[in-house]
Amino acid sequence: MDNSGILGILNLYAKLAELHNENSFKVRAYSSAAFNLKKIKLPYGQMTDADLLSVPGVGKGVVDSIREISASGKMEALNELLKITPAGIVEMLQIKGLGPKKVAIIWNTLQIESIGELLDACRQNRLVEAKGFGLKTQAEIVRSIEFSLMSQGKWHYARLWEPATSFFEDFKKEFTGSKISFTGAFRRAAVVLESIEIICDIDPFEVLEYCESRNIPADLNEVEIAATLNGQYPLTIMCTDSHSFERELFETTGSVSHLKLLNYQRSDDFETESDYYQSKGYRWILPEQREGRDELSEQYPTENFIEFWQLKGVLHNHTTYSDGLNSLREMAEFAKYQKYEYLGICDHSQSAGYAGGLKPDDLLKQIKEIDALNLEFAPFKIFKGIESDILSDGSLDYDKEILSQLDFVVASIHSGLNMDMDKAHLRLVKAIENPFTTILGHLTGRLLLLRNGYPINHEYIIDACAQNGVCIELNAHPYRLDIDWTWIQYAQNKGVMISINPDAHEKQGYHDMFFGTLAARKGGLLTRNTLNALSCEEFEKYLFERKGKIK
Ligand SMILES: [Zn+2]
Ligand SMILES: [Zn+2]
């Protein structure tokens, strides 16, 4: 094994030994030895014991370890520690700004065992509360994790949206009169994608010049330009002529399966996309929906898809009562200011101790505060809710007396995510059958690019929601977008309402509903099946009728 391999093992050993609270003298010996050995260029394996021992900080134990690693490629003491450390914790030790001491707190106190959960916890401000952390460290960790995601070449749609639209607006201003459009996976609003794609009828050399004038690094490859926005976001610009623009836009927008479904031929001649669809006997298909699934089938809805401006309420939000950054009043004022008719507050429930879950007394206090604010803010209305943990046996987190004082309940799984499908079904169905459950929160617990959800059979769970009149959340956070858009048609066909919820942990979080709406449209969600597109009065009536069924 070469020197850098050996150093890697010694360093990891020092970190793990510290993480597991081993003798601090030993920890320091290994980390300072690794530090000083870095300067030695000779292969360690070929150095004599005396030479190795002459390096500052290197003692007998380290020399023995170097011999062991050179001979076997392994270090037994390290393997022992690895056996008792979750893989996610080992990964965490590689994050800039996170030493073993901080990782130990994350692991032991916050009970977080993977990078995905860590990022999620940062988003919910859970780290701020822990010893040795602050808003600054938290932000650093988020940047560092996102950087490692970026190096895999995949992006959450929302992360690319801002740079994409600001480039697009400026580009259009410069080339007024030209045909310019987003295309590819970006135009399809894919939840995860590799690049921003734009198509135009502008000469590629003019586009290059434009990029140069804006200090945007760009390379031309025939008629395609690969550029990088703000030093990190990948952008592809395809240049074509005015005559072929519409055909190429159509061709580059739809997924391969969509084009196959249409039996599309390059020789097909058409002026506009809608002409093309019409010639094949279809209506114009929303770009978001051109994925080659069931968008061409007769049963697929053709119009009245939900639009962002149609959302009238904001459900599922956190305040400083649990792990939110803004107070109840601030959250309400901002929702009112943004012209929403109503707000649903759903802080974490008592079992979620790590997230400042509300004890019954806190919840009753919050209910009183909401009553007072409702008097002050009328006709704007705050609905009293809770995001109740679905406990390990599937029950909700409070007794009937408490639950019956609330207007609605979002039931979500936050702990014990490593379960098999049977266990997940047992917990979910029991929660769905609980008459107090109004909305099932983030259905699978997935974090896009970070963590798979627990396994479920979507049909089975959606059927249970249909039987019990429970709505399903489309959690609008760009990492979640859970329920996945591909299941919206099924839910709609079963008569299950979808609620586009921001799960906001600060007031700016409401804006995520914009991305949630895009995912909802991609799945063909209709306005009439969107719970928070109901007016305040309709929503109130909906809850009243539901509560009337509770015995
Ligand atoms: Zn949640
Ligand atoms: Zn939540």
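When a ligand or atom number is given, it counts from 1 through the structure's own listing order. Note that these values count all heavy atoms, side chains included, but never hydrogens, waters or copies made by symmetry.
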Scanning both residues in full, the closest heavy-atom pair of E18 with P100 reads OE1-CG, 3.4 Å
Classify the ring geometry of F182 against F186: parallel below 30°, tilted from 30° to 60°, perpendicular beyond 60°. tilted
- Task: Look at the rings of Y490 and W487 and say which category their plane angle falls in: under 30° parallel, 30 to 60° tilted, over 60° perpendicular.
- Result: perpendicular
TODO: Indicate if the distance from the Zn ion (ligand 2) to the nearest N, O or S atom of H318 falls below 2.8 Å.
DONE: yes
Proximity of H156 and H477 rings by center, below 6.0 Å: no
The angle formed at the Zn ion (ligand 1) by NE2 of H414 and NE2 of H442 is about (to 10 degrees) 100°
Please determine if the Zn ion (ligand 1) has an N/O/S atom from H348 lying under 2.8 Å away.
no
The atom of D503 among N, O or S that is nearest the Zn ion (ligand 2) is OD1
Checking only N/O/S atoms, does H316 have one that is under 2.8 Å from the Zn ion (ligand 1)? no
message: I'd like to know whether the aromatic ring centres of Y342 and F380 sit less than 6.0 Å apart in this structure.
response: no
Assess E387: does it contribute an N, O or S atom lying under 2.8 Å from the Zn ion (ligand 1)?
yes
